[in-house]
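Since the structure comes first, as structure tokens, the remarks are kept for the end.
So you know, we letter chains A, B, ... as the sequences are listed, proteins then strands, and number each from 1. The structure displayed is predicted, hence computed values, not measured ones.
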Amino acid sequence: MVKNKKIPLDEFLKKREQILMHWPTGSSELLDFETAKAYLKAVPDEKNFAKVLRKAKAEGKTLIQPRAGVALLDAHIELLNFLHKEGRADFLPSTIDSYTRQNRYANAEDAIKQSEKQKRSLLNGFPAVNYGVEGCQKVFEAINIPVQARHGTPDARLLSEIIHAAGWTSNEGGGISYNIPYAKSISLEDTIRYWQYCDRLVGYYAEAGIELNREPFGPLTGTLVPPSISHTIAIIEAILAAEQGVKNITVGYGQCGNINQDIAALKTLDSLTNYYLKLFGYDDVFVTTVLHQWMGGFPKDEAASMALISLGAMVATLGGATKIITKSPHESQGIPTKEANAEGLRASKIMTTLLKEQTYPKNDLLEQESDLIKKEVKTLLYATLNIGKGDFAEGVIKAFEHGLLDIPFAPSEMNQGKILPARDAEGNIRILEFGNIPFDDETKTFHKKALEKRAKLENREVSFQMTIDDIYAVSRGDLVGKALKQSKELLHEN
Amino acid sequence: MVKNKKIPLDEFLKKREQILMHWPTGSSELLDFETAKAYLKAVPDEKNFAKVLRKAKAEGKTLIQPRAGVALLDAHIELLNFLHKEGRADFLPSTIDSYTRQNRYANAEDAIKQSEKQKRSLLNGFPAVNYGVEGCQKVFEAINIPVQARHGTPDARLLSEIIHAAGWTSNEGGGISYNIPYAKSISLEDTIRYWQYCDRLVGYYAEAGIELNREPFGPLTGTLVPPSISHTIAIIEAILAAEQGVKNITVGYGQCGNINQDIAALKTLDSLTNYYLKLFGYDDVFVTTVLHQWMGGFPKDEAASMALISLGAMVATLGGATKIITKSPHESQGIPTKEANAEGLRASKIMTTLLKEQTYPKNDLLEQESDLIKKEVKTLLYATLNIGKGDFAEGVIKAFEHGLLDIPFAPSEMNQGKILPARDAEGNIRILEFGNIPFDDETKTFHKKALEKRAKLENREVSFQMTIDDIYAVSRGDLVGKALKQSKELLHEN
Amino acid sequence: MHTVVIGVIGADVHAVGNKIIEHVLNEHGFNVVNIGVLSSQEDFINAAIETNAKAILVSSLYGHGEIDCRQMKDNCVEAGLSHVKLYVGGNIVVGKQDFKEVEDRFKKMGFDRVYPPGTNIEEAIEEIKADLT
Amino acid sequence: MHTVVIGVIGADVHAVGNKIIEHVLNEHGFNVVNIGVLSSQEDFINAAIETNAKAILVSSLYGHGEIDCRQMKDNCVEAGLSHVKLYVGGNIVVGKQDFKEVEDRFKKMGFDRVYPPGTNIEEAIEEIKADLT
Ligand code: B12
Ligand code: B12
């Protein structure tokens, strides 16, 4: 079984030879390590993700980054430059298409051709593997700020090789966060191995004095995920990455909607990740946090979406996140036009600058929520470590198997899916069904009581219907889901 | 000199005869009091401003209202219905044009004709006096929610007569708040008299069992007004109105931008108004609060404006305001199209519904800011009362004369204009020059120290340049104004 | 009790809507065969044959729906499922497009009904029930 | 030292920009005659005659600028001020309009320069200085 142990160099290099053969673009000379290292060393500081993050955190700034990617290279470059110039983006992404994410490079090739013919993107992202290092370097060279690959790829080994060799100084993903929400039947053992490889690659460059950033995907399914669950996954992925030599990690969190819970979550995400990294012996890892603006279903209305986006930027800034992944007013409809994408960015930007001098005041509620998160994360981390007999890699696999770790609404068969979240009366995400999540009785009672309080207020039972109502709620303009009958009335009212 | 004393009925009725002769529409039969009372009594609850406010406050809801008004009657009705249906407005306004505000009804008549010819509004609002009760009733009958006159008219006596008789159940304004920011050389003595008349009219209807709402204009010049100053004016106007028999008052406040200060301001506005009304013997006045979204210069960018609007809606909801006066993404450019106006409304609406279950937690900063506001308001109120020898009407006039009350950046010659505000390091509005504002040394030292802290951080002097930078700041995306040189760089960066 | 096949087509992993559709269809008395996310046309067709289903509800959220659904009606007919109703919903194309045009395109491809983003599943069920009886 | 008249025309009470313009023009060494808000065309013209001003800077924020500025150039010429430069700025028309068109309209009315909403006064001053020397 896979262990949380750094891959020995020779093993890594041997593996690498195979990986590069997965698709013709893997055989590019630019993937020669010496060539790649020279290329990466020449990346100026202001285009290096890791360094820009360090600077921003030191200055207490919150920077912004969109999602964006299209099938055709020139259009992709144009899109990115537009988002930098018209959107005031601080970081650029290249969101990878869904065929590439499933390693279906042939499908992607087909869709590129179709897109060229029809002169519009038929892909939901940029097929980086098909364009290879050469294409990706074109992207890197055409823009003036750091670029990152954002995807959802269980096996991103070839993709990671290509993008880093092309000067892309950050890579999103992780063995858990790019499996459970993004796959159906791939084992965690496999994806952890795949991502150990991706991390080892970053560690390899680190040994050569090249600092690259890695970002576990925080929001998971984006659907009512309790902060302690996503924090635990983020911390474990940070530990797995650190073991492979990664030195610059951004842990993420998806806006839940209750301001107090969001701020407690962001602050504890930073402190807990730092704490546990050090506790487990990874002393020299630089940690930043990223807030993902609302990751669930968006309202159809664009003006309402702008408000939701603004609220996300607000909690990110007050919660001290170093980065925000922004949404656009087209979110509920489809991949945004570049104009709509830039609108989401500019709204976010001004929120970060307007609020940069302000802090969320210390208060009892914040402390209570933070303490709860800390306690729950501790429970989940140690349960994972215990079942893994001291090893986090092994622990994660078994923890999911036994449902000690469980992510709501995930497609993966590796996930028990017994946990059910719902919101309490103030809109905090709580847990309705624990499945096998190993919380102590006190904690469970806290969640239960919170939901009972809401149920009483709404004059109904605590039940799965609450969860469903909560899933729909934000797209209907509420945070706490109204009982279906009421919402129907509401819908007609609008 | 004018006193804070209820106008005797006979005097009021005599005055009324003269007022109604100011313009031909004043002679309408619909202005006969018995006819008007019958009309107002038939107004259904859901179209009565006062009653909808009572219901909303009881339910803890924050409702929304735009600004809107055009020259032509049909277009005005269409506009209002659009804002109700497409903007989800809970209250409708009729913003009155600037000629009417200066009682230049002949100019307005001319502009109506021109507008008819050119088929577009050449007026910045709805000329209600020219349309008379008949026209205003058409407006009232064509819409399904309460409507209010919003203006800035020093002498709104004829206007008030006309709109109330037409079923408009609320009127904005006050003898101070519709003078100092809206006039140059009209005396406070005159405008207080004028508005005592408007309030007496509402009191007259109240005696007949008809509840109408009155709303002093809270934000004043909308330009860095310290909360204690605008609160003091609002409370005095509430007292003057209550004396004339007004029973339903909405006191207002313009968003300042620091979340904590805004919430402290909204909460104290409610508690202080209630407290002082009772203290001075007005026991049965129902008080609500309204937040005006950012009243200073807006950013040119529409997406950024949407974020600013959303931030305003957020503090309004968390601060427990019963109403929000919304802005639109066109604010910096000109009177908005109905579509842009509706966007501002819908963004505000979802913010109020998303956050309706949430509260801003109790904390030391909030308490500190609230205490400061309370202390300052008390000082200003008693200074006014003292100089007025126990009478608020007389007191206000003398207080402005001596600069005990002083509003930043007001055009009126009745105002000393010696006070200069500036933001502290966290963006709270503080006072840089006190003029003759009678704060005690402790309070003055607090303001001074706060500004010195900022100056030190920015490595510059406390000076008028800070105020100027702060005036520009929000339109440039900051709350705390950057020193000019820096802002120039910023401007180029964008 | 009508049997219907539901699932999410292509390389698409959006699971939330799929789980809710299953729940709501069950509540409405359907016999639901849920083949889940990452399902191919073949998976849908095989499931429909095996369970003798009356309808196939294809979800596509991620934007590749247009590519993934090519020939689906023909493939159904070929497999002897010409009588089986074919529905599609979700965010079935890339980006915000005029829905009338999108609907036309998918109807030409042989889908009986095409649902826009954010469709209220309760309302769709009423139409589907009517179609099947 | 150039003398310039500034003020806000018509029934307009927007005072903030006016106060800042005064401050900044002073800092740039102008001799500023500020007639304030609520000023008529006559007020501007009289002030310019009395002070022998080189330029008139009209502010209009509230939307009635187009009406308030009618004939202003003619009235200046009639008063013997054909040499005096005429500037206008602020939010000079009702609503968000294409600024090119607005500029044209006001230039036809005889204004030498027309400034759009939110003009950086520092930048405008550079142009005005150049005009006057
Ligand atoms: C949550 C979410 C995710 C989660 C999904 C977690 C999971 N495994 O389920 C995560 C973060 C993993 C994710 C990933 C991606 N996502 Co996503 N995601 C969303 C989001 C925000 C909400 C979807 C959701 O759960 N809604 C709630 C459920 C209840 O509603 P629903 O899915 O719409 O389904 C309801 C109705 O549509 C209807 N319905 C659905 N199907 C059918 C079928 C029939 C016949 C009928 C009658 C009705 C019907 O009934 C359902 C129940 O009410 C949407 C945008 C949005 N809607 O706001 C984007 C969205 C669907 N995602 C999108 C994309 C592109 C992606 C990614 C490619 C990533 C990216 N760009 O970064 C990957 C795709 C990975 C893959 N291979 O599939 C795009 C699709 C773009 C397009 N079509 O043009 C969207 C629209 C966002 C956007 N505007 O860009 N995503
Ligand atoms: C603050 C404000 C108010 C305050 C004013 C307080 C006071 N007495 O000064 C109050 C609340 C009282 C108010 C009232 C009204 N306002 Co007002 N107000 C504003 C607001 C938000 C900011 C104005 C401001 O102070 N800006 C800061 C200063 C520094 O900038 P500035 O005024 O633009 O001036 C600078 C530049 O424009 C330039 N400049 C100006 N003039 C000139 C001239 C020349 C020659 C040059 C070179 C440069 C130049 O230099 C200045 C200094 O940098 C603007 C919208 C905005 N800009 O965001 C609306 C705005 C100007 N108001 C507007 C309106 C309509 C009104 C009202 C009719 C009320 C209403 N609809 O409810 C009344 C008018 C009353 C009256 N009779 O005039 C409209 C005008 C609409 C239009 N033109 O289409 C605006 C644009 C808002 C909107 N979008 O609807 N307002």
Side-chain angles (χ1 to χ4, degrees), chain A residues 85 87-88 257-261 294 299 301-311 313-314 318 329 340 342-366 368 423-428 454 457 473-474 476-480 490 493-494, chain B residues 85 87-88 257-261 299 301-311 313-314 318 329 339-340 342-366 368 423-428 454 457 473-474 476-480 490 493-494:
Chain A
K85 265 141 216 163
R88 309 182 62 196
N258 176 289
I259 295 170
N260 194 68
Q261 189 175 41
W294 179 246
D301 177 48
E302 296 189 18
S305 298
M306 289 297 275
L308 182 57
I309 286 167
S310 303
L311 183 62
M314 189 206 77
L318 295 186
E343 283 174 32
L345 279 164
R346 290 199 307 271
S348 303
K349 175 53 93 180
I350 195 176
M351 204 55 119
T352 67
T353 57
L354 277 178
L355 299 184
K356 65 178 174 303
E357 292 89 1
Q358 299 183 42
T359 48
Y360 188 71
K362 282 207 178 112
N363 67 78
D364 293 349
L365 261 185
L366 184 69
Q368 180 190 311
R423 292 191 187 274
D424 69 12
E426 290 82 35
N428 295 291
R454 167 181 169 193
L457 271 173
V474 171
R476 290 173 180 176
D478 296 313
L479 188 61
V480 182
L490 240 180
E493 201 176 88
N494 301 357
Chain B
K85 264 140 216 162
R88 308 182 62 196
N258 175 289
I259 295 170
N260 194 67
Q261 188 174 43
D301 177 47
E302 295 190 18
S305 297
M306 289 297 276
L308 181 57
I309 286 167
S310 302
L311 182 62
M314 188 206 79
L318 295 185
E339 290 79 12
E343 282 174 33
L345 279 164
R346 291 199 306 270
S348 303
K349 175 54 92 181
I350 195 175
M351 203 55 116
T352 66
T353 56
L354 277 177
L355 299 184
K356 65 179 173 302
E357 292 89 1
Q358 299 184 42
T359 47
Y360 188 71
K362 281 206 178 114
N363 68 77
D364 294 348
L365 261 185
L366 185 68
Q368 181 189 311
R423 293 191 187 275
D424 69 12
E426 290 81 36
N428 294 292
R454 166 180 168 194
L457 271 173
V474 171
R476 292 172 179 177
D478 296 313
L479 188 60
V480 182
L490 242 178
E493 202 176 86
N494 299 358

Can you tell me which portion of [X] sits under 4.5 Å from chain A's heavy atoms? Options are side chain, backbone, both or neither.
{"X": "B:Leu318", "result": "side chain"}
{"X": "B:Met314", "result": "side chain"}
{"X": "B:Lys356", "result": "side chain"}
{"X": "B:Pro299", "result": "side chain"}

### Task
Would you name the heavy atoms of B:Ala307 and A:Ile350 that are closest together and state the gap between them?
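Reported closest heavy-atom pair: CB-CG2, 3.5 Å.
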
### Task
Please report the shortest heavy-atom distance between B:Ala347 and A:Ala303, naming the atom on each side.
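So the minimum-distance heavy-atom pair works out to CB-O, 3.6 Å.
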
### Query
Quick one: what part of A:Leu366 sits under 4.5 Å from any heavy atom of chain B, side chain, backbone, both or neither?
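Looking at A:Leu366, nothing touches chain B.
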
### Message
Can you tell me which portion of A:Ala304 sits under 4.5 Å from chain B's heavy atoms? Options are side chain, backbone, both or neither.
### Response
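Both backbone and side chain.
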
### chain A contacts, top residue of B:Ile309, B:Leu365, B:Leu355, B:Leu457 (heavy-atom pairs, under 4.5 Å)
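Max contact count across the listed options: B:Leu355.
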
#### Entry: Residue, of B:Gln358, B:Arg423, B:Lys362, that accumulates the most heavy atom pairs under 4.5 Å with chain A
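Heavy-atom pairs under 4.5 Å are most numerous for B:Gln358.
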
#### Entry: Closest-packed option against chain B by number of heavy-atom pairs under 4.5 Å, given A:Ser348, A:Pro361, A:Pro329
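With the most close heavy-atom pairs to chain B, the winner is A:Pro361.
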
Considering only heavy atoms from C-beta outward, does the side chain of [X] approach that of [Y] to under 4.5 Å?
{"X": "A:Leu479", "Y": "A:Val474", "result": "yes"}
{"X": "A:Tyr360", "Y": "B:Ile259", "result": "no"}
{"X": "A:Asn258", "Y": "A:Asp424", "result": "no"}
{"X": "B:Asp478", "Y": "A:Leu354", "result": "no"}

### Query
Do the side chain of B:Ser310 and the main chain of A:Ser310 share a donor and acceptor less than 3.5 angstrom apart?
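No; judged by distance alone, with no hydrogens or angles, the pair does not exist.
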
